[in-house]
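To start, the structure itself, in structure tokens.
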Amino acid sequence: MLIKSPPRHSLTEAQTTPESAYVSRRTVIKGLCAGIGGLLLARNAHALDLFGADKTEAAVRKPLTFSPHKPPPDLILTPEAKVTNYNNFYEFGTGKTDPAENSQSLKLEPWTLRVEGEVEKPATVDVWKLMQESGLEERIYRMRCVEAWSMVIPWVGFELGKFLKRFAPTSRAKYVAFETLYDPQQMPGQRNRYVGGGVDYPYVEGLRMDEAMHPLTILSVGLYGKTLPPQNGAPIRLVVPWKYGFKGIKSIVKIKLVERMPPTSWNKLAPQEYGFYANVNPAVDHPRWSQASERFIGPGGLFAAKRQKTLPFNGYADAVADLYTGMNLKKFY
Ligand SMILES: Nc1nc2c(c(=O)[nH]1)N[C@H]1C(S)=C(S)[C@@H](COP(=O)(O)O)O[C@H]1N2
Ligand SMILES: [Mo]
């Protein structure tokens, strides 16, 4: 795996990837362009266990074609093996390596996404077709978990706002509600409340309409140039970079535009600890720990993770602070 890499300044994810991986991906994409046999399948490049143990067969990840993103110069990517082996996805267990271990057989095809509610054109979308039609972009974003660790992840996806417009939201649409797959047969955490951390499944999340329409908000279908692995929310998940990670609901099957603020999973479980807004805010502590700083999981040993200051709105204040003008962010945490 990657030890040495060129300086990250103004490099795209493709350029910061070890050359061998980059070249082989390029070759695969070239093959696609030449029309050789449709989508070629690529094995997940060794789902490397952080603690050295060998993994069961990793789910197949397909290469994606996308326009690259020039990352902000201050960001250092979290290595792919950490992005895909240190996860929160309680449907597969509450331990950080449980999702990678328990989700590999999640059935991803077919996968449909229902969009309904306050829209003129409700529809059920084939997510794999959507991926080919959507003009995918890379977005390199900070990710800050409410547990005070963070990563920098090269997502591949498309803007949620552009996607929602296709369904013609009505003037009554004030919020967007999201729902994860409910399938206890496949998701051990949904069968057993101890495995699933006491969450009331299906996992649900929500955004205010203006947050959903903001150009930084994406539906992600990939990371590090390939489709998402199940543990990161395959085949489609939400990414809202200025909010705590729990807003980024995984493996979505339904999006409903609604008039009233929808319920959200962590808020239902512990309303005094997790709000609807969940904007990253170093000035508002979690009742049980400080949010002033975070452990950045970057290159190097997992336990060598670097402590750094948490930024208001996770560093995206210039782009999003005006969505909350006049709101007391201590009250609407
Ligand atoms: N359905 C579902 N979505 C979820 C979660 C979950 O348990 N179930 N965990 C959330 C939390 S707490 C975080 S920090 C992010 C983690 O995303 P990652 O594992 O891709 O880094 O997913 C979020 N989305
Ligand atoms: Mo999280």
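Both ligands and their constituent atoms are indexed starting at 1 by order of listing.
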Query - Polar side chain donor-acceptor pair, Lys243 to Asn314, under 3.5 angstrom - result: no

Query raised in the report: How far is atom 21 (O) of ligand 1 from its nearest protein heavy atom, and which residue and atom is that?
Result: Met143 CE, 3.2 Å

Query raised in the report: If you draw the axis of the six-membered ring of Trp242, does the NZ or CZ of Lys247 fall within 45° of it and under 6.0 Å from the ring centre?
Result: no

Query - Distance-only N or O hit between ligand 1 and Tyr86, under 3.5 Å - result: no

Report summary line: Exactly one candidate in Tyr86, Phe296, Trp289 meets ring pair (Phe, Tyr, Trp, His ring centres under 6.0 Å) with Trp149; the answer is Tyr86

Query raised in the report: So which heavy atom in the protein is nearest atom 14 (S) of ligand 1, and how far is it from that ligand atom?
Result: Cys145 SG, 3.6 Å

Report summary line: Counting heavy atoms under 4.0 Å, the part of Arg237 that contacts ligand 1 is side chain

Query raised in the report: Atoms of ligand 1 less than 4.0 Å from Glu91 heavy atoms?
Result: 1 (N), 2 (C), 6 (C), 7 (O), 8 (N)

Query raised in the report: Among protein heavy atoms, which lies nearest atom 15 (C) of ligand 1, and at what distance?
Result: Gly245 O, 3.5 Å

Requested in this report: Please could you name the atoms of ligand 1 that Thr180 approaches to less than 4.0 Å, counting only its heavy atoms?
Outcome: 1 (N)

Report task. Determine, for Tyr244 and Arg144, whether the Lys NZ or Arg CZ falls below 6.0 Å from the six-membered ring centre while staying within 45 degrees of the axis. Result -> no

Query raised in the report: atom 9 (N) of ligand 1: which protein heavy atom is closest, and how many Å away?
Result: Asn88 O, 3.2 Å

Report summary line: for atom 22 (O) of ligand 1, nearest protein heavy atom and its distance come out as Lys250 CE, 3.3 Å

Query raised in the report: Any luck finding a side-chain donor-acceptor pair between Gln190 and Gln185 under 3.5 Å?
Result: no

Query raised in the report: Is there a path of hydrophobic side-chain contacts, each under 4.5 Å between heavy atoms of I, L, V, M, F, W or Y residues, that connects Leu216 with Phe246?
Result: yes

**Report entry** Protein heavy atom at shortest distance from atom 6 (C) of ligand 1
**Finding:** Tyr203 CE1, 3.4 Å

Report task. Answer yes or no: is there a donor N or O on one side and an acceptor on the other, between the side chain of Arg61 and the main chain of Thr227, under 3.5 Å? Result -> yes

Query raised in the report: Above 12 or not: heavy atoms from other molecules or residues under 6.0 Å from CD of Glu109?
Result: yes

Query raised in the report: Considering only the protein, which heavy-atom contact is closest to atom 24 (N) of ligand 1, and what is its distance?
Result: Gly248 O, 2.9 Å

Requested in this report: Provide, to 0.1 Å, the distance between atom 7 (O) of ligand 1 and the closest protein heavy atom, together with that atom's residue and name.
Outcome: Tyr90 N, 2.8 Å

